[in-house]
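Just so it is clear, the values below take in all heavy atoms, side chains as well, and ignore hydrogens, waters and symmetry mates.
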Amino acid sequence: MPTNPVASPSDIDELTRCHAVFIAADPARTGRVSFWRTDGSAPPPVAHGTTGEVTVVLPGGDGVRQVTVPAVSLPVRAALPVLTRGRAATESDRATAFWGAAAVLALQFAARGLLLPGVTASGHDAWRAGPLRAQDVDRVRELAAAMPPEAHAVPVDLGEPLRLPDPERLLREFLDAVVDTLPRSPAAGIAAAGPAFAAREPQYVPEQRAWAADVASGHDSGVRVSLRIEVLGLTSVRADGAGGAEPTFRAVPQVHSVSDPALVADASAVWAATGPFGPRARMDALSALRRAVRAWPPLTPLLSAAVPDVVELADEEVAELLGEGAGLLATAGVDVHWPKELTRGLTARAVIGPPDGDERDGPATAPSATPSYLSSDALLTLDWWFALGDQRLTRQELDQLAEANRPLVRLRDQWVLVDPEKIRHARARRDHKVSPLDALGAALTGSTEVDGRMVDVRPTGWLATLRERLSDPEGQVPVGQPSGLAGTLRDYQLRGLGWLARMTSLGLGGCLADDMGLGKTITLIALHLHRQADTASAGPTLVVCPASLMGNWQREIQKFAPGVPVRRFHGSVRGLDGLGDAEFVLTTYGTMRLDAPRLADVSWGMVVADEAQHVKNPYSATAKELRTIGARARVALTGTPVENNLSELWAILDWTTPGLLGSLGTFRTRYAQAVEGSRDPVAAERLTRLVRPFLLRRRKSDPGIAPELPPKTETDRTVSLTREQVGLYEALVRETMAEIADADGMARRGLIVKLLTGLKQICNHPAQYLKEERPRIAGRSGKTELLDELLDTILAEGTGVLVFTQYVRMARLLERHLAARGVPTLFLHGGTPVTEREAMVERFQKGEVPVFLLSLKAAGTGLNLTRAEHVVHYDRWWNPAVEAQATDRAYRIGQTRPVQVHRLVTEGTIEDRIAEMLLRKRELADAVLGGGDTALTELSDVELADLVELRGDAR
């Protein structure tokens, strides 16, 4: 069967809407998952998949019928992302939902270390899931009982009668296949000192069958072993601790039935054959004890005893068993049971807050230049809270526990079982100082890292109060509209003002991440006015924005805050002399970067970064210089807080509230890799809890946000290439792919970028790619012909249209072409002076010119162009967030007519495949995928060839 080298993420999503069935093999990891549809249509091809056919059994007539259907088959490793994504499948694809649940169960087994080595019937190395506890076996059986017919519809025998795989057996084979696949990483061969049990390819190792059988013996047996810990001599010690010998410990092995968890007996009864177990139980229990001894050597005396009935434990062994010993035994499938009367009541947790006795509502007021909650004199304490029941232990009692250095101590007239190492560790960490932002992060997420491991924490004092205020913004006293605002805030804008006012009053920054057009500018003007009412927060506001937005900011300030001084710090003549406390200063990112020292000398009441995605790269000179400008409050405005990866979110929030998310390296390790790579829901939830209070995100589609907005219709309009375009396209692919095959490293990446750019230009117009000086434009491009048709209709309606392209040369060609057709246009690009931009916007808004050609990079943000009822994306920017921002030049508050968005795509080309990828990105709101050309440079030659190949009717 042919192998498909690459597929788009949307195709993978299509697989989750197919039926899935696991087809077992020997060894387990060579099994495959096949995806098929009951209607007989072919599933989409995917990377690492093979296309072919499978015979399935379906209900039909009075019984069942055999049907051969097209299918895509994936190896287990490649199928896991599809299956786990398919857990939320609907009733129509319940088989994929079932195998998704099975995949999660297998991943949980692997994460717990439930792997046993084995040698298959064919003599090959294989890992199996085990040893499984009784509750694990119950979960497997319950899941198998829920297996839908489609999930095991491929028969194992086509004879009479048809025989389908047994659900529980097939499920166990799948679990084994997953755990047999996961450990085979590039480093596994080093750990295994050879390819056996490490290499992905099956290794023929029949000579290791006896060893594997010994290691894994008892895995499929009917019994398991646990340890019951008994304490002798408790009653001989008086309440004051005097008299009698010290209590002693011993471990008693118990044997449990796997099939009947209620059936349990001491090992001595099994050896004496007086218990309810059969004759094989002794051999199986002995194998289990051998595994327990390998995991925890202090149990060795049990193996040399004629009857393994009991082993005495020294204090240090008990202490070890309270710590890592129990974990080691758990990996061998052995539970440890402690006396209930000793384990009740003693609890431990980490607490973060002011030092003992300091329960103020907040830290001491800091100098005005430093927000109080971020000041160095507000260092908090990470401490450990030990309690018996609901009574907290005193420091003296904690010292008593640590100094006793025994696992069993007398405290408050009762015996307490403690881990001495944990007590000593807690004592050593007592009064550990934590920065306010580290403490706040721990309070919001509910956990923090202590000596390399995550521990749950509880905030106390004013830190707990702060967390409540941040976590429940709706429960706070609302902020009224400032009296100086000449306008009426919408309800959601008023809530945004209240949120920003509270955050900045606490000395914390924030990111207002509303969709474009929802009124972030007026909200910030209202915040400026609100802060002027308090001398502690009053001061000038610096707005850093793209050059194209300075005019808009000035007009909005003059409109909504008449009388408030506003100046532009831009151009060759710029100054800050005579700056007033209530004044607005507008500057561009470029000017700020060049003149940061002068701006840093001002005591700003607030600094605002508009279109804050301009500083998403924390290593850029722009981002570095912006950080040097101090202020009592920092606010970021952006409609796209995450365009390509979570590091961009870190860059924005680390500017608004420095230190909140830790260092970039720590953030990537703790959150970004887990959320972006493995889509870890626990890490995602922790990150959400940490970020949510500092980022206010509203969309036009949210209920109640912008009900007055008209509908928006988005359409992908596919066109065919002309014969000239086909010839150029195929020649460029053929010649460049030959060069790429002989290149590597940066040279190869450069060739790929050159290829992708050239193909996009050919799809636009041959004249753009050929860089013709005075070209003939008409009749040479399918896109240009379609644009002409669209404009004929749009102009006949008397409406306005925005035409976006990422290439200035292409816009120049369209400008010349439309002028020849008598169509008046305006053209805005990165080199257009600010005053000319503003004049263009005004002319378009007045309806003087119907067609506005815009460079996507220069005009994709900040402009208010609600005169347009149509938006045309002549070519695709390979980031849906950027395209959405461009569309929002027309689809924003103030737009009263329906907006139609037209995306031009050449069929059968690279644009077609990229359009599918963008659809997937758009569906994954706020999730992170690699972006644009850079990600595609890492494709293999085969994958790249498939991506750029001209397909179908395009030739």
Side-chain angles (χ1 to χ4, degrees), residues 19-36 50 54-57 71 73-80 82-84 86-87 94-112 114-133 136-158 162-184 197 200-203 205 209 212-213 215-221 258-259:
H19 292 310
V21 60
F22 175 65
I23 301 175
D26 181 357
R29 64 186 178 283
T30 60
R32 299 182 72 85
V33 181
S34 287
F35 297 87
W36 54 281
T50 55
V54 295
T55 299
V56 296
V57 176
S73 176
L74 288 175
V76 172
R77 183 181 295 273
L80 284 176
V82 181
L83 296 177
T84 53
R87 284 180 294 161
R94 55 184 181 172
T96 302
F98 170 83
W99 288 113
V104 171
L105 180 60
L107 293 171
Q108 291 171 345
F109 285 170
R112 287 166 50 193
L114 300 182
L115 289 82
L116 288 171
V119 176
T120 69
S122 62
H124 293 98
D125 62 324
W127 294 97
R128 295 190 293 165
L132 302 183
R133 302 179 183 180
D136 296 327
V137 174
D138 289 341
R139 289 181 67 189
V140 172
R141 289 174 177 170
E142 290 171 3
L143 185 58
M147 183 183 290
E150 300 89 348
H152 63 131
V154 176
V156 294
D157 187 351
L158 294 175
L162 285 170
R163 186 164 65 87
L164 297 180
D166 174 72
E168 183 174 346
R169 181 179 180 83
L170 186 63
L171 175 58
R172 281 183 173 265
E173 289 173 329
F174 175 77
L175 297 175
D176 288 343
V178 175
V179 301
D180 190 25
T181 296
L182 295 179
R184 299 175 185 276
F197 301 98
R200 295 188 183 183
E201 300 76 20
Q203 304 293 307
V205 288
R209 191 183 302 277
V215 173
S217 61
H219 165 49
D220 293 320
S221 69
V258 172
S259 60

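Closest of all the heavy-atom pairs between A20 and V33 is CB-CG1, 4.1 Å. Contact detail for A103 and L83: the closest heavy-atom pair is CB-CB, 4.2 Å. Residues V179 and A129 approach most closely at CG2-N, 3.5 Å, considering heavy atoms. Heavy-atom minimum distance, A177 versus A28: CB-O, 3.3 Å.
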Checklist entry - Can L80 and L182 be said to form a side-chain contact (heavy atoms from CB on, under 4.5 Å), step by step? => result CA-CA 10 Å; L80 284 176; L182 295 179; 4.1 Å; yes
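Evaluation of the side-chain contact (heavy atoms from CB on, under 4.5 Å) rule for P27 yields R29, T30, T120, H124, A126, D180, P202 as partners, not counting sequence neighbours. Residues meeting the side-chain contact (heavy atoms from CB on, under 4.5 Å) test with V21, sequence neighbours left out: S34, W36, V154. The salt bridge (Lys or Arg N to Asp or Glu O under 4.0 Å) search around R77 returns none, not counting sequence neighbours. In this structure, the salt bridge (Lys or Arg N to Asp or Glu O under 4.0 Å) partners of R141, at least two apart in sequence or on a different chain, are E168. Partners of A102 by side-chain contact (heavy atoms from CB on, under 4.5 Å), not counting sequence neighbours, listed by chain and number: W99, L143, L171, F174.
By the 4.5 Å heavy-atom criterion applied to side chains, L107 and T84 are counted as neighbours. In this structure, E173 and D166 have side chains that are not in contact, with every pair of non-hydrogen atoms separated by 4.5 Å or more. Taking the side chain as every heavy atom from C-beta outward, R94 and P149 approach each other to under 4.5 Å. A heavy-atom distance below 4.5 Å is not found between the side chains of L164 and L170. The closest side-chain heavy-atom distance from T50 to R32 is below 4.5 Å. The shortest distance between side-chain heavy atoms of R184 and W127 falls below 4.5 Å. By the 4.5 Å heavy-atom criterion applied to side chains, L115 and F197 are not counted as neighbours.
Formation of a donor-acceptor pair under 3.5 Å by the H152 side chain with backbone atoms of P167 is not found in this model. The main-chain N or O of S122 is found under 3.5 Å from a side-chain atom of D26 such that the two form a donor-acceptor pair.
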